[in-house]
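Scroll down for the structure; my scribbles are underneath it.
In what follows, every chain begins at residue 1, and chains take the letters A, B, ... in the order their sequences are listed.
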Amino acid sequence: MSELDLAGDPVAAARDLIGWTLAIDGVGGVIVETEAYREDDPASHSHRGRTVRTAPMFGPPGRFYVYRSYGIHWCVNIVCSPPGRGAAVLLRALEPTLGLERMRERRGIADSHRLARGPGNLGAALAAGPELNGAVVDLRPPQRRRRVAAGLRIGITKAIDREWRFADPDSPFVSRPISSRPRG
DNA sequence: CAGTGGATGCTCT
DNA sequence: GAGCATCCACTGT
């Protein structure tokens, strides 16, 4: 299995993060779905350069970048910046393993499959907010080998042809099955 | 099941 | 003023 390098290619980092366990204040789980966003990528917040909002993306790797989505949700990213770049990996789904009861309280549902499925739900389950920006990410290595599938990113309108979404195809905690670009 | 639309706030044009 | 890396309730099969 590849070593996890958060300071190299963010697409490789997004792939290699599958299976790692993320914890915030003792609450979290196994990362089962990610997407990569790089500076040379029109869909990335960092594409138009550094702003107040996106500053954490240009900071040191291995830290959080958190942003508000559609005025409602907090989405959690891990900064994966090669030197001088702005890149991050969006966390799209966790398999909850730590602090299940606290997640259920925060989400108001019991079904573990839905606790942290989808980036907005994941943020809610972790009680993520802007205060997380720049904080060091607590990651623990995989306990078993997992398959990783690559496919199209979800919910974006630019650069929709890049297969920079990664997920464990055997996990029931993934938000949506991986779909690939039509071949022609 | 699938499809539609509202909530809501911040960034950029 | 538009658009957005979303989710949920609601509708109709």
(request) Decide if the gap between the ring center of A/Tyr67 and the ring center of A/His45 is smaller than 6.0 angstrom. (result) yes
(message) Quick check against the 3.5 Å criterion: does A/Thr51 have a side-chain atom that pairs as donor or acceptor with the backbone of A/Thr54?
(response) yes
(message) Could you check whether A/Arg104 pairs with A/Glu101 (Lys NZ or Arg NE/NH1/NH2 to Asp/Glu carboxylate O, under 4.0 Å)?
(response) yes
(message) Requiring both pairing distances under 3.5 angstrom, list the stems that contain DNA chain B and are made of three or more consecutive Watson-Crick or G-U pairs.
(response) B:1-7 with C:6-12, B:9-12 with C:1-4
(request) Map A/Arg114 and A/Gly155 onto DNA chain C by nearest heavy atom, then report which one ends up closer to the 5' terminus. (result) A/Gly155
(message) Check A/Arg38 with A/Asp9, please: is the shortest side-chain N to carboxylate O separation under 4.0 Å?
(response) yes
(request) Go along nucleotides 7-13 of chain B 5' to 3' and tag each nucleotide: B for a protein heavy atom under 4.0 Å from its base, S when only backbone or sugar atoms are that close, - otherwise. (result) BBB-SSS
(request) Kindly indicate whether the side chain of A/Ile78, heavy atoms from C-beta on, has any atom under 4.5 Å from the side chain of A/Thr34. (result) no
(message) Please report the interatomic distance CG(A/Asn133) to OH(A/Tyr65), rounded to the nearest 0.5 Å.
(response) 7.5 Å
(request) Taking only heavy atoms on the protein side, list every residue of residues 116-137 of chain A lying under 4.0 Å from any atom of DNA chain B, sorted numerically. (result) none
(request) Within residues 162-180 of chain A, find the residues that approach DNA chain C with a heavy atom at under 4.0 Å, and present them sorted by residue number. (result) none
(message) Can you tell me which residue among A/Arg15, A/Arg92, A/Arg146 is in a salt bridge (Lys or Arg N to Asp or Glu O under 4.0 Å) with A/Glu33?
(response) A/Arg92
(message) Please give me every residue in residues 33-41 of chain A whose heavy atoms get under 4.0 Å of an atom in DNA chain C, ordered by residue number.
(response) A/Tyr37
(message) Do A/Arg117 and A/Leu122 make a side-chain contact, defined as non-hydrogen atoms from C-beta onward lying under 4.5 Å apart?
(response) no
(message) What is the separation between atom NZ on A/Lys158 and atom C1' on C/dA2, rounded to the nearest whole Å?
(response) 12 Å
(request) Look at the rings of A/Phe173 and A/His113 and say which category their plane angle falls in: under 30° parallel, 30 to 60° tilted, over 60° perpendicular. (result) parallel
(message) Is there a side-chain contact between A/Leu94 and A/Val32 in this structure, where contact means two heavy atoms from C-beta onward sitting under 4.5 Å apart?
(response) no
(message) Within the 4.0 Å heavy-atom criterion, would you say A/Arg107 contacts the bases, only the backbone, or no part of the nucleic acid?
(response) sugar-phosphate
(request) Spell out, as yes or no, whether a donor-acceptor pair under 3.5 Å connects the side chain of A/Arg165 to the backbone of A/Arg153. (result) no
(request) For A/Ser171 and A/Glu95, test the side chains for any donor-to-acceptor distance below 3.5 angstrom and give the result as yes or no. (result) no
(message) In the structure I gave you, are the side-chain heavy atoms of A/Leu152 and A/Ser180 within less than 4.5 Å of one another anywhere?
(response) no
(message) Any side-chain to backbone donor/acceptor pair from A/Ser81 onto A/Ala87? Under 3.5 Å, distance only.
(response) yes
(request) Compare all side-chain heavy atoms of A/Asn121 with those of A/Arg107 and state whether any distance is below 4.5 angstrom. (result) yes
(request) Indicate yes or no: at least one non-hydrogen side-chain atom of A/Leu6 is less than 4.5 angstrom from one of A/Leu139. (result) yes
(message) Please check: side-chain N/O of A/Asn77 versus main-chain N/O of A/Val79, any donor-acceptor pairing under 3.5 Å?
(response) no
(message) Distance check needed: C/dA5 P versus A/Leu152 CG, whole Å only.
(response) 15 Å
(request) State the CD1-CD1 distance between A/Ile160 and A/Ile154, to the nearest 0.5 angstrom. (result) 13.0 Å
(message) Which residues in residues 84-102 of chain A have a heavy atom closer than 4.0 Å to any atom of DNA chain C?
(response) A/Leu90, A/Arg92
(message) Rounded to whole Å, how long is the line connecting atom CH2 of A/Trp74 with atom C1' of C/dA5?
(response) 14 Å
(message) It should be established whether A/Thr157 places a side-chain nitrogen or oxygen under 4.0 Å from OP1 or OP2 of nucleotide C/dC4.
(response) yes
